[in-house]
Amino acid sequence: MKIGITCYPTYGGSGAVATELGMALAQRGHEVHFITYQQPFRLPAFVPNIYFHEVEVVRYPLFEYPPYDLALAVRMHEVVLRHGLDLLHVHYAIPHATSAWIAKEMLRPDRPDIRVLTTLHGTDITIVGQEPSFHTITKFSIEKSDGLTAVSRYLQTETWNAFGCTACRIEVIPNFIDPAVYDRARYSDTVRAQFNGNRKVLMHISNFRAVKRVVDVVRTFAKVTREVPSVLVMVGDGPDRTAAEQEARRLGVADGVHFLGKLESVAPLLAAADIFLLPSETESFGLSALEALASGVPVIASNVGGLPEVVQPGVTGALVPVGDTDTMAAEAIAILRDRDRWHAMSQSAAADARSRFGIDQIVAQYEAFYQGNRQ
Ligand code: GMT
């Protein structure tokens, strides 16, 4: 098939999923066209069967807010016509599903068969989509999509509840991992040695937005390291980084906290971690938690959203109430102090991630979803 994919190309779960899906589809012989404003961050320089179409937004003094949504719709229209795409698969409802609907309307005379499929990722429904200024356009764009997927059962229900479109058919297709990439055995110990080989390594990876509660990560770490000497590795960047750095200084643990910034490849780092912390306010799935589990890292996360569909308490990690850093730290300490328990959890985490969220089975679900929505 010829598939157009639109996503946010910057650091974030939806862009990572969309890009890795595109690469997997290309490997299976599909022709994949990324249509977005920048080369997606996880897309290497050249991959056979993959094409990238940059959306350029003209700047004009009158435009205080240049209309990216319209430029995207025009580029989608053009790429569908020029390359004979079968479908447009957009990731994150706003504005991508809206632009795709506009493109579809413009394509009506030439390509009335073009399908628009939308994957809902999380904050497009749980936060942004419910803002009064976006609610009606999100609902409209969802209802106008020819096919919908959500990354968890939680997000499927949340979409029905928030937008009242109980008639919308939403298929659940979860996030996935490539077991060959997220494999603890594959990476050397040098990363671990860099953070002081004798200490335990706690890790957090995110875009440091408020919803991730990165200050809670630092607070949890401060409690853990008092009992079990540890370091905290913070991967990513975003609006709350300064607050997390300040909290580390305030708590007197700044020497043990390493802020690495945004990194494209996190698998070698995860292979050096003992515990992954994800204390999010809400999380529709938690791709970084899945990547940690696949790397054999027990995950301690908030008991919210789709995280209970990913982490199995007592088997692959623990789930705690949002903001409860005491319990989060206690769970981490208990796992870190018991070597046998840690090993059992590490093995279960890697095995469970592979059996439920392996790339081959999830990409096959997307292919079936595409076939089922063909005209
Ligand atoms: O807000 C974010 O964390 C980024 C966001 C995105 O769209 O880039 O992530 C969402 O999509 C991921 C991929 O499907 C999910 O694994 C994340 O759980 C989800 N984030 C939230 O729900 C907060």
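Given the structure is predicted, the values throughout are model-derived calculations rather than measurements. Whatever order the structure lists them in is the order used to number ligands and atoms, beginning at 1.
Each of the atoms 7 (O) of ligand 1 lies under 4.0 Å from some heavy atom of Tyr92. Interface of Gly122 with ligand 1, defined as ligand atoms under 4.0 Å from a residue heavy atom, comprises 22 (O). Each of the atoms 1 (O), 23 (C) of ligand 1 lies under 4.0 Å from some heavy atom of Thr123. Close approach to Phe285 involves these atoms of ligand 1, each under 4.0 Å from a residue heavy atom: 16 (O), 18 (O). Within the listing of ligand 1, atoms 6 (C), 8 (O), 12 (C), 13 (C) sit less than 4.0 angstrom from a heavy atom of Gly13. Of all atoms in ligand 1, numbered sequentially from 1 with element shown, those under 4.0 Å from a heavy atom of Ser284 are 15 (C), 17 (C), 18 (O), 19 (C), 21 (C), 22 (O). Under a 4.0 Å criterion applied to the non-hydrogen atoms of Asn207, ligand 1 contributes the atoms 2 (C), 3 (O), 4 (C).
Ring geometry for Phe369 against Tyr366 counts as perpendicular: the plane angle is over 60°, on a 0 to 90° scale with 30° as the lower cut. Taking the six-membered ring where tryptophan is involved, the planes of His91 and His121 are tilted, since the angle between them lies from 30° to 60°.
Both Val363 and Leu287 belong to a single network of hydrophobic side chains, linked directly or stepwise wherever heavy atoms of I, L, V, M, F, W or Y lie under 4.5 Å apart. The hydrophobic cluster containing Leu263 also contains Val181, counting ILVMFWY residues as joined when their side-chain heavy atoms lie under 4.5 angstrom apart, directly or transitively.
Under the salt bridge (charged side-chain N to carboxylate O under 4.0 Å, His left out) criterion, Arg250 pairs with Glu247, not counting sequence neighbours.
Considering backbone and side-chain N/O atoms, Thr282 never comes within less than 3.5 Å of an N/O atom of ligand 1. Considering both main-chain and side-chain atoms, Gly12 never comes within under 3.5 Å of ligand 1 through any nitrogen or oxygen pair. Below 3.5 Å of separation, one finds no N or O of Val17 facing any N or O of ligand 1. Considering backbone and side-chain N/O atoms, Gly286 comes within less than 3.5 Å of an N/O atom of ligand 1.
In this structure, Ser145 contributes its side chain and Val116 its backbone to no donor-acceptor pair below 3.5 Å.
Taking a 4.0 Å cut-off on heavy atoms, Lys212 registers as neighbouring ligand 1.
Within the 4.0 Å heavy-atom criterion, neither part of His91 lies near ligand 1. Heavy atoms of Leu287 found under 4.0 angstrom from ligand 1 belong to the backbone as well as the side chain.
The pair Arg115-Asp113 fails the salt-bridge criterion, with no side-chain N (NZ, NE, NH1 or NH2) lying under 4.0 Å from an Asp/Glu carboxylate O.
For residues 147-159, the pairs satisfying side-chain hydrogen bond (donor to acceptor under 3.5 Å, both in side chains) are Thr119-Thr149, with sequence neighbours left out.
A donor and an acceptor atom, one from each side chain of Glu367 and His30, are located under 3.5 Å apart.
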